[in-house]
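Only one structure is covered here, and it is reproduced in the block below.
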2 protein chains.
Amino acid sequence: MASRVPDQVVFDAVLQVIAEQGYERSTTRSIAEAAGINEATLFRRFTSKENLLRQAVRSNFLGFALDLDTPGDDVAADLLTIVNYYARLYDTRGGVVLTLMREAKFSPEVAAVLTEPESLLGRVDEVILHHQRRGALVVEPPRHTFFALVGPLMMRAFARRVDRLTTQTPADPEAVVRRFLNGHRPQQAP
Amino acid sequence: MASRVPDQVVFDAVLQVIAEQGYERSTTRSIAEAAGINEATLFRRFTSKENLLRQAVRSNFLGFALDLDTPGDDVAADLLTIVNYYARLYDTRGGVVLTLMREAKFSPEVAAVLTEPESLLGRVDEVILHHQRRGALVVEPPRHTFFALVGPLMMRAFARRVDRLTTQTPADPEAVVRRFLNGHRPQQAP
DNA sequence: TGTAGATGCAAGTAAGCACTTGCATCGCAC
DNA sequence: GTGCGATGCAAGTGCTTACTTGCATCTACA
């Protein structure tokens with residue numbers, strides 16, 4: 001039977017509340033209130049808090065694909081794809097993503113939920129390795145390259161939610177890639 | 001009267017436990033156990049969990065000064081000072097620092113404790129502004145420059161504690177500064 | 001040696017939390 | 001209209017946690 005409040009509305013409420021409060025601090029009561037349903041109904045429909053988060057994350061990342069399957073000869077273009085993806089992700093879902101990343105370390109519950117989105121990083125690694133082999137990037141562990149590329153972006157999104165002195169302007173992905181490449185082309189001039 | 005277990009030992013235990021568990025998950029019982037004292041003694045000596053954290057943070061940042069008072073004509077040297085400082089901070093206290101940064105957003109308790117260490121960022125801002133005026137750095141909000149500089153470093157320290165695929169090698173501060181400058185000198189060649 | 005203050009120990013208090021349950025109600029298919 | 005399944009409501013259960021308390025014990029210092 002159809003529910004009065006559709007699942008997707010509840011999922012959005014979950015992610016919003018968690019973005020604001022963190023997973024541990026966000027109570028099922030406040031989630032239910034934000035979703036506009038009763039707390040008991042929440043458990044009847046989604047069984048547990050962990051399962052609720054899992055379904056919310058899954059349903060939310062379904063429409064958020066990274067188109068990276070065939071890395072080409074253009075480093076800048078491929079890196080721009082990656083940076084664009086994360087810029088969009090942090091702009092729309094930055095609160096949840098960073099919150100969950102942090103809490104995953106302490107909470108096996110949260111960590112279990114994040115395995116699916118994490119598989120994405122594997123594909124990013126492959127693109128970076130591809131361009132390292134082509135001689136277009138400094139050879140180093142691909143995660144290092146990734147953090148040097150996306151680090152400035154992530155830190156700004158991260159800080160935007162903590163530090164009110166930080167400007168709210170979103171980063172320009174093309175500038176990020178250009179500046180990154182100026183520092184990470186191999187055999188650069190001293 | 002002298003305590004059986006000196007304060008500094010308790011403070012180290014607090015920061016260690018919080019680094020591993022996060023502030024909210026770390027119970028006063030586990031902190032007491034790690035410090036080798038009784039939980040009741042913990043409250044008799046330090047009043048509350050929040051006050052305990054405050055004293056621990058304060059006593060720990062006292063010996064951790066950033067020597068930045070007189071920015072000079074050498075951008076690279078001043079940036080290296082900053083990067084070295086944060087590299088050292090994240091290597092020795094990375095777990096606590098990043099944990100507290102994240103939790104500060106949700107917990108007024110934690111946020112209140114972090115005001116002192118945050119004043120450091122103001123001095124970093126001034127150094128960046130100084131070199132922007134000298135024409136040695138792209139003109140932009142200083143926090144943006146800061147995140148572009150330290151972001152790669154922080155993300156690696158951050159990920160090192162979450163993601164076991166990330167290499168444990170600490171970053172090389174000189175390489176970080178060199179690569180950063182290649183992307184952030186004004187009027188660069190296309 | 002004697003004493004005061006700090007500690008350990010064990011039990012307890014009060015609050016918040018995820019999750020449950022019983023019952024009245026509401027909306028929809030027939 | 002009637003019945004059924006999903007909902008709202010209110011109360012409750014059991015657990016964890018920060019924090020307290022009363023008492024025995026230890027240690028430093030006179």
Side-chain angles (χ1 to χ4, degrees), chain A residues 1-57 96 99-100 103-104 106-113, chain B residues 1-57 96 99-100 103-104 106-113:
Chain A
M1 166 118 311
S3 323
R4 295 262 244 290
V5 173
D7 285 4
Q8 192 57 49
V9 171
V10 180
F11 293 157
D12 286 343
V14 173
L15 296 184
Q16 178 209 329
V17 171
I18 288 182
E20 285 167 8
Q21 311 275 346
Y23 178 74
E24 302 225 323
R25 282 182 84 89
S26 62
T27 69
T28 50
R29 185 178 306 164
S30 69
I31 292 173
E33 193 178 346
I37 64 178
N38 191 270
E39 192 183 358
T41 309
L42 201 73
F43 283 98
R44 280 192 275 245
R45 279 169 62 180
F46 304 102
T47 312
S48 73
K49 189 183 176 187
E50 174 180 1
N51 186 56
L52 175 60
L53 172 63
R54 171 173 294 113
Q55 294 193 39
V57 168
V96 218
T99 297
L100 294 180
E103 278 183 281
F106 309 130
S107 162
E109 222 170 297
V110 175
V113 162
Chain B
M1 166 117 312
S3 323
R4 295 260 243 289
V5 172
D7 286 4
Q8 191 56 51
V9 171
V10 180
F11 294 158
D12 286 343
V14 173
L15 297 184
Q16 178 209 329
V17 170
I18 289 182
E20 286 167 7
Q21 311 275 345
Y23 178 75
E24 302 226 323
R25 284 182 83 89
S26 63
T27 69
T28 50
R29 185 178 306 164
S30 69
I31 292 174
E33 192 178 348
I37 65 179
N38 191 270
E39 192 183 359
T41 309
L42 200 73
F43 283 97
R44 281 191 274 244
R45 279 169 64 178
F46 304 102
T47 313
S48 72
K49 189 183 175 186
E50 174 180 4
N51 187 56
L52 175 60
L53 173 62
R54 171 173 294 114
Q55 294 193 40
V57 168
V96 218
T99 297
L100 294 180
E103 279 183 280
F106 309 130
S107 162
E109 223 169 297
V110 175
V113 161

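Numbers restart at 1 for each chain; the letters A, B, ... are given by sequence-line order, proteins then strands.
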For this session: Give the B/S/- string for nucleotides 19-25 of chain C, one per nucleotide from 5' to 3', where a protein heavy atom under 4.0 Å of the base yields B, of only the sugar-phosphate yields S, and otherwise -.
Result: BBBB---
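Put simply, CG on Leu42(A) is 15 Å from C1' on dC9(D), counting in whole angstrom units. Rounding to whole angstrom units, CG of residue Leu53(B) and C1' of dC19(D) are separated by 17 Å. Between the CZ atom of Arg45(B) and the P atom of dA18(D) there is a distance of 18 Å, rounded to whole Å. The nearest whole Å value for the distance from the CZ atom in Arg4(B) to the P atom in dG8(C) is 6 Å.
Applying the ring pair (Phe, Tyr, Trp, His ring centres under 6.0 Å) definition to pairs two or more places apart or across chains, those involving residues 4-23 of chain A are Phe11(A)-Phe46(A).
The side chain to side chain contact (heavy atoms under 4.5 Å, CB included) search around Thr41(A) returns Asn38(A), Arg44(A), Arg45(A), not counting sequence neighbours. Taking the side chain to side chain donor-acceptor pair (under 3.5 Å) definition, one finds that Gln55(A) meets it with nothing, sequence neighbours left out. Ser48(A) is linked by a side chain to side chain contact (heavy atoms under 4.5 Å, CB included) to Glu50(A), Asn51(A), counting only residues two or more places apart in sequence or in another chain. Under the rule for a side chain to side chain donor-acceptor pair (under 3.5 Å), the partners of Arg25(A) that lie at least two apart in sequence or sit in another chain are Glu24(B). For Thr28(B), the side chain to side chain contact (heavy atoms under 4.5 Å, CB included) partners at least two apart in sequence or on another chain are Glu39(B), Leu42(B), Phe43(B), Lys49(B). Not counting sequence neighbours, Glu20(B) has no partner by the salt bridge (Lys or Arg N to Asp or Glu O under 4.0 Å) test. Applying the side chain to side chain donor-acceptor pair (under 3.5 Å) rule to Thr47(B) yields no partners; only residues at least two apart in sequence or on another chain are considered.
For the segment residues 30-37 of chain B, the set of residues with a heavy atom within less than 4.0 Å of an atom of DNA chain C comprises Gly36(B), Ile37(B), in numerical order. Contacts between residues 9-17 of chain A and DNA chain C, defined by a heavy-atom separation under 4.0 Å, are absent.
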For this session: Using a 3.5 Å limit on both pairing distances, list the dot-bracket string of DNA chain D from the 5' end; Watson-Crick and G-U wobble pairs count, crossing pairs take [ ], interstrand pairs take |.
Result: ||||||||||||||||||||||||||||||
